[in-house]
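Report on the following structure.
These numbers come from the heavy atoms of this one structure, side chains and all, not from hydrogens, waters or symmetry mates.
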Amino acid sequence: MNMNIFWIFRTEFRRLLRSRIGRAAIVVGMIIPLLYSGLYLYAFWDPYEQLDEFPVALVNQDKGEYGQELVDELLKERKFGFEVVDEATAKEGLEGDRYYLTITIPPTFSDDVKSVEGDNPTRAKLLFTPNEGKNYIASTITSRLELQLREEVGNKFSEEYLKGIFDVIGDAGNGLSKAADGANKLADGANDLAQGNHDLADGTRKADDGARQVADGSAKLADGAGQISGGVSKAHDGAGALAQGAKEIASGSQQLSTGLTTSTAGVRQVRDGLQGSLPNTDRLQAGLLQMQGMLGKSAGQPSSQDPSQWTVQEMLGYLGQKYDLSQDPVYQGALKKTAGVAGALEQTAGEVQGSKGGLQQAIGALNEIATGQDQMVAGAKKLTDGSNRLTLGASSLYSGLSDLKTGSATLASKSNELVQGSQKLAGGTGELVAGSQKLADGSRELADGNQKLADELTNATSDSTIKNPDQKAKVMADPLETEWKPIHEVATYGMGFASYFIPLSLWVGALMLYFILSMQEYRWTLSPVSTPSLVLGKFSTLAVIGICQAVIVSFCLTEVLGLQVLHLTEFYLFNILMSLTSIAIIGLMIARFGSGPGRFLAILLLILQLTSSGGTFPIELVPDFFQGLHNFLPMTYGVEGLRSIIATGDEALVTRNLIILGSLLVGVLLLHIVTTRRTLRVRDLHEKDQLAG
């Protein structure tokens, strides 16, 4: 048995190798899979590398700068075959055979990109309008273009958003800088306040010196009065003159009492004024501490869940964490300036507390001065009483007139010293008033600086607040909104590829007829019938089967699978015409080149049509070799015609393809008739449909 198998194998293999056609058949059988897989994969190896040839209409309706920037960027990169046209041209090309897709940039595109600077950001929008009925895969390719545009516009939108954020932070930094200027003025006012307190202390010391001089003069005046009293007892003879002198003494004492009373009232007024300024100093200190509390001690985690309770530094810390600004120099500068202002406020509050202690000391000193002057007034009144009694006893002073004159001179001298001391006291009091005025001026400057600091800090806090953060976050997450408005929409994958597989199936069906049925009957060659009758008669036999193939395919696709077509009658007629054309072309090749070579050429032509008809990927995306074959293959016009019948409804294109296929059918039959031989050759006597024998 094994020997029989080997014997049959050797005999048949030798028979194939014996003839040239047999050897050719072996080679053809080996390379047909290579032709199919190689050509098909070569045509569709990487269509996306050819996207710069994929025609897309670009319509820019935006009047702002970002729409034009997007157009310039797309034209520069040339990732697709963009053409900038107006709306009418784009619509016409999309309906025709010029464009697969139209991208429209709406008039509000730039405004939408820049809306991030406001409180209500919106997504930028692009309008995609593909013609799905023209090529189903072409409509899916546009999704890659959508991703590209989302990335580019998203980057532009993010750039504008971050620019707005940094502008806000910059404004906040400017506000904090102004707040620092206010704090500097506040410090200057505090310095003036300290200087005023210093002058006040100097005036108080001078007033104290004057008061001591008044006390010394009063003591010396008392000594002179004692001498006068001793002289009066001896000078009773000069009582008249002594009485006059005593009256003058009483008058001078009264004036001294009046002057001291007035001076005491002024000192008390100064004291009361300083006493009244103490609460203002307390409020000033409290306000500084409150502002220091609002600024906070550090930029750490917020101490409260309520943002309204956060300090300025806590707010800045929150913003830094939320938007990752830890490396931003402007943000770090703002943190340092805020911390510096808080420290300056705390230091100023301490200086105000020190000034308060100085004021309290000055008030205590003025109280002591007023008490001393009260005592001086009491002494002056006693001096007046004594002088009056001296007048009554003038009669007993005759003997002491000389002593009285000496005492009167001494009293006059000491009274001059008392006047000078009183003048110094008045001068010191004046300096005390001037110092108090400086203190008041410094307090006013401090209050002005405080107010300015509060205003600028308020503005800085307000400017640095990001408004509507949720909406801005949504826009940043998805910055581009694409609106799809396809024309001639294809609902299913099968509907999109029906125009490709129907011509393919009818070609395969025609080819199978020549495998199943033998048409190499030479009995009609020598018959008296005419050549046209011979050719058309044989063709009609297969045409009936081909028509049935087309009708069965059309019926099952529309009624069983539910394929929706725009023109049902045209659908049936067009499929019948494609079937007849396929039968005629394959029949001519078999008749002219023989059964084996003819079938091989029919298969090769099928492979070329699969890659060059534009039924899958757009013809612009395949290599140039296949693009060159595109217009010379019958399946090209079958695909175009069926797309119009099924999806686009372009009657002009349907008519054009019907004419081309009909002309091709008639031309092939005429060529078949012209090239048909009416003689027999020796090789025609071989067994029918054999490649080797």
Side-chain angles (χ1 to χ4, degrees), residues 36 133 136 490-519 535-591 595 598-599 602-603 605-610 613-616 633-649 651 653-655 657-666 668-669 672 689:
Y36 187 87
Y136 185 73
V490 176
T492 63
Y493 190 85
M495 183 177 176
F497 282 96
S499 59
Y500 173 66
F501 285 106
I502 291 174
L504 171 63
S505 65
L506 293 176
W507 183 273
V508 172
L511 180 60
M512 291 304 298
L513 291 179
Y514 290 99
F515 277 96
I516 298 173
L517 303 175
S518 175
M519 300 301 293
V535 172
L536 295 177
K538 288 187 175 183
F539 171 76
S540 299
T541 303
L542 297 179
V544 172
I545 302 175
I547 292 173
C548 293
Q549 287 179 336
V551 171
I552 292 172
V553 167
S554 301
F555 178 81
C556 290
L557 291 180
T558 56
E559 303 302 327
V560 178
L561 293 182
L563 176 65
Q564 299 294 322
V565 298
L566 297 178
H567 305 287
L568 186 60
T569 302
E570 291 180 358
F571 181 69
Y572 275 85
L573 294 177
F574 197 87
N575 288 340
I576 291 173
L577 179 59
M578 283 193 297
S579 178
L580 296 178
T581 304
S582 300
I583 292 172
I585 294 173
I586 297 173
L588 175 64
M589 288 188 291
I590 291 176
S595 177
R599 291 169 183 170
I603 294 174
L605 186 57
L606 171 63
I607 296 172
L608 293 176
Q609 291 186 114
L610 292 177
S613 63
T616 52
L633 301 175
M635 190 170 169
T636 296
Y637 304 101
V639 171
E640 288 183 356
L642 284 177
R643 280 175 177 166
S644 300
I645 294 172
I646 294 173
T648 66
E651 289 293 332
L653 189 59
V654 173
T655 302
N657 287 288
L658 281 171
I659 293 174
I660 292 174
L661 289 176
S663 300
L664 182 60
L665 173 61
V666 173
V668 169
L669 291 176
H672 196 165
D689 294 330

Requested in this report: Among residues two or more places apart or on two chains, list those pairs meeting side-chain hydrogen bond (donor to acceptor under 3.5 Å, both in side chains) that have a residue in residues 570-589.
Outcome: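 Of all non-adjacent pairs touching residues 570-589, those that pass side-chain hydrogen bond (donor to acceptor under 3.5 Å, both in side chains) are Ser554-Asn575.
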
Atom [atom1] of [X] and atom [atom2] of [Y]: how far apart are they, to the nearest 0.5 Å?
X	Y	atom1	atom2	answer
Ile545	Leu542	CD1	CG	5.5 Å
Phe539	Leu669	CZ	CG	5.0 Å
Leu580	Leu664	CG	CG	12.0 Å
Leu642	Met578	CG	CE	4.0 Å
Ile583	Tyr514	CD1	OH	6.5 Å
Phe574	Leu506	CZ	CG	10.5 Å

Taking all heavy atoms of [X] and all of [Y], pick out the closest pair and write down the distance.
X	Y	value
Leu605	Met589	CD2-CE, 4.3 Å
Val654	Ser644	CG2-CB, 3.3 Å
Gly509	Gln549	O-NE2, 3.4 Å
Ser499	Arg643	OG-CG, 3.2 Å
Ile646	Val565	CG1-CG1, 3.8 Å
Leu608	Leu633	O-CD1, 3.7 Å

Query raised in the report: Under 30°, 30 to 60°, or over 60°: which ring-plane class applies to Phe497 and Tyr500, parallel, tilted or perpendicular?
Result: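 Because their plane-to-plane angle is over 60°, the rings of Phe497 and Tyr500 count as perpendicular.
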
Requested in this report: For Glu651, enumerate each residue passing the side-chain hydrogen bond (donor to acceptor under 3.5 Å, both in side chains) test, keeping only those at least two apart in sequence or located in another chain.
Outcome: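 Partners of Glu651 under the side-chain hydrogen bond (donor to acceptor under 3.5 Å, both in side chains) test: His567.
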
Query raised in the report: For Leu511, what residues pass the side-chain contact (heavy atoms from CB on, under 4.5 Å) criterion, not counting sequence neighbours?
Result: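 Expected list: Phe515, Ile586, Ala602, Ile603.
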
Do [X] and [Y] come within less than 4.5 Å of each other through their side chains, counting heavy atoms only?
X	Y	answer
Leu653	Thr648	no
Pro503	Val639	yes
Met635	Trp507	no

Requested in this report: Applying side chain to side chain contact (heavy atoms under 4.5 Å, CB included), run through Phe571 and Leu566 and close with a yes or a no.
Outcome: CA-CA 9 Å; Phe571 181 69; Leu566 297 178; over 6 Å; no

Requested in this report: Quick one: do Leu577 and Leu573 satisfy side chain to side chain contact (heavy atoms under 4.5 Å, CB included)? Show the steps, please.
Outcome: CA-CA 6 Å; Leu577 179 59; Leu573 294 177; over 6 Å; no

